[in-house]
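We number each residue from 1, following the sequence as shown. Indexing begins at 1, ligand by ligand and atom by atom, following the structure's order. Not measured: the values here are computed from a predicted model.
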Amino acid sequence: MSPKKRGPVVQRYAGNPILTRDDVPYPVATVHNAGVVKANGRYFMVFRSHLLNGRSILGLAESADGYSFKVRPEPFMAPLRDGVWGEYEEYGVEDPRICQIDGDFLITYSAYSRHGVRIGLARTRDFVSIERISMITQADLRNVVLFPQRFGGRYVRLDRPHSEISLWSMWISYSPDLVHWGDSKVLVKPAGYHWDEMKIGPGATPFKTEKGWLNIYHGVFRTMDGAVYRLGVILHDLHDPSKILGVADEWILQPEDPWEITGYVHNVVFTCGAVPEEDGTVKIYWGGADKVMCVGTANISDLAAMCLERSRSPM
Ligand code: BMA
């Protein structure tokens, strides 16, 4: 029996792109790779922008419906100039992920400097003021998402160390205090001659479902025309997120719209945030070609089913 043809897993919003540099009241070249969270019925988006010198800062946009966003007049977070932060953020701050936990919004972001890229952790309670907590990795590490819940009293994160020896894979690490991290182990590796064969990395902050934690990640495939960034899904055990219940074999989103194919870096869809809704859908936010922000929705149960019923081996 031939397989049944399925419709798209992610329904793109007809009004994409939802945010571009034209919506930003200060000079930027791009608006992309935004972390998004919903709190008290409002959506807060922390987005990355390249300045006109090629270095990145973070801006803030707010929305009542998750589609129509208004950008604050001032940038939300720019590299600090002094001390340890000044040293490690000198080349810019990128790709924020927001995690709501214990009444705080924790933001992990990539801090670039002459020493490489590492992850900074900052906290806001009101999306007005922001406080740096700690640099939580060494270089080179660029993608970290926190789980919005503690497990056995410890914070848990997914990370993606660089490696010349092994394929760039997804790891898990634990911390008692958000600052000191350890007990790391590898969970998922890229699959050979597969859409995510070159590297994978955590994308959106994982969210809880009936079947497990859903982790929307990015995978990269190298072609004769350069790399293609797509999105996929992984399901982690509800009580022990180091246990993988399934890695969906097929991607859930690939660059198709003109602003995903062409932009600052072509053929990129890259997520840093997703918002699960009470109606059983999730709003997935992604940067298109490192230049604009887009959104689409998927059924949470479809994503979980892809992981459980049509999965590939995690390693
Ligand atoms: C990755 C990161 C992302 C970017 C992607 C595609 O390595 O730098 O910020 O979206 O490449 O250019």
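Taking a cut-off of under 4.0 Å to the non-hydrogen atoms of V265, the atoms of ligand 1 that pass are 12 (O). Close approach of ligand 1 to N33 is summarised as follows: ligand atoms under 4.0 Å from at least one heavy atom of the residue are 3 (C), 4 (C), 9 (O), 10 (O). In the vicinity of V268, heavy-atom distances shorter than 4.0 Å reach the ligand 1 atoms 6 (C). Heavy-atom proximity to R48, at under 4.0 Å, picks out these atoms of ligand 1: 9 (O).
When the heavy-atom distances from atom 1 (C) of ligand 1 to Y264, W168, Y229, Y112 are ranked, the shortest goes to Y229.
Although no hydrogens or angles enter the test, the distance criterion places a donor-acceptor pair under 3.5 Å between the side chain of T137 and the main chain of I119.
Environment of CD in E277: crowded, with over 12 heavy atoms of neighbouring residues, nucleotides or ligands closer than 6.0 Å. For E131, the CD atom is densely surrounded, since the number of other residues' heavy atoms within 6.0 Å is greater than 12. Counting heavy-atom neighbours within 6.0 Å of D279 CG, excluding the residue itself, gives a total above 12.
Using a 4.5 Å heavy-atom cutoff, the side chains of P202 and M170 are in contact.
Nearest non-hydrogen protein atom to atom 3 (C) of ligand 1 is D95 OD2, 3.4 Å. D290 OD1, 2.6 Å is the protein heavy atom nearest to atom 10 (O) of ligand 1.
Contact annotation: for E94 versus ligand 1, there are no heavy atoms closer than 4.0 Å. Counting heavy atoms closer than 4.0 Å to ligand 1, residue R142 contributes side-chain atoms (C-beta onward) but none from N, CA, C or O.
Taking the six-membered ring for Trp and the full ring otherwise, W195 and Y217 have centroids separated by under 6.0 Å.
Among all heavy-atom pairs drawn from A191 and D196, the shortest one is N-OD1, 3.3 Å.
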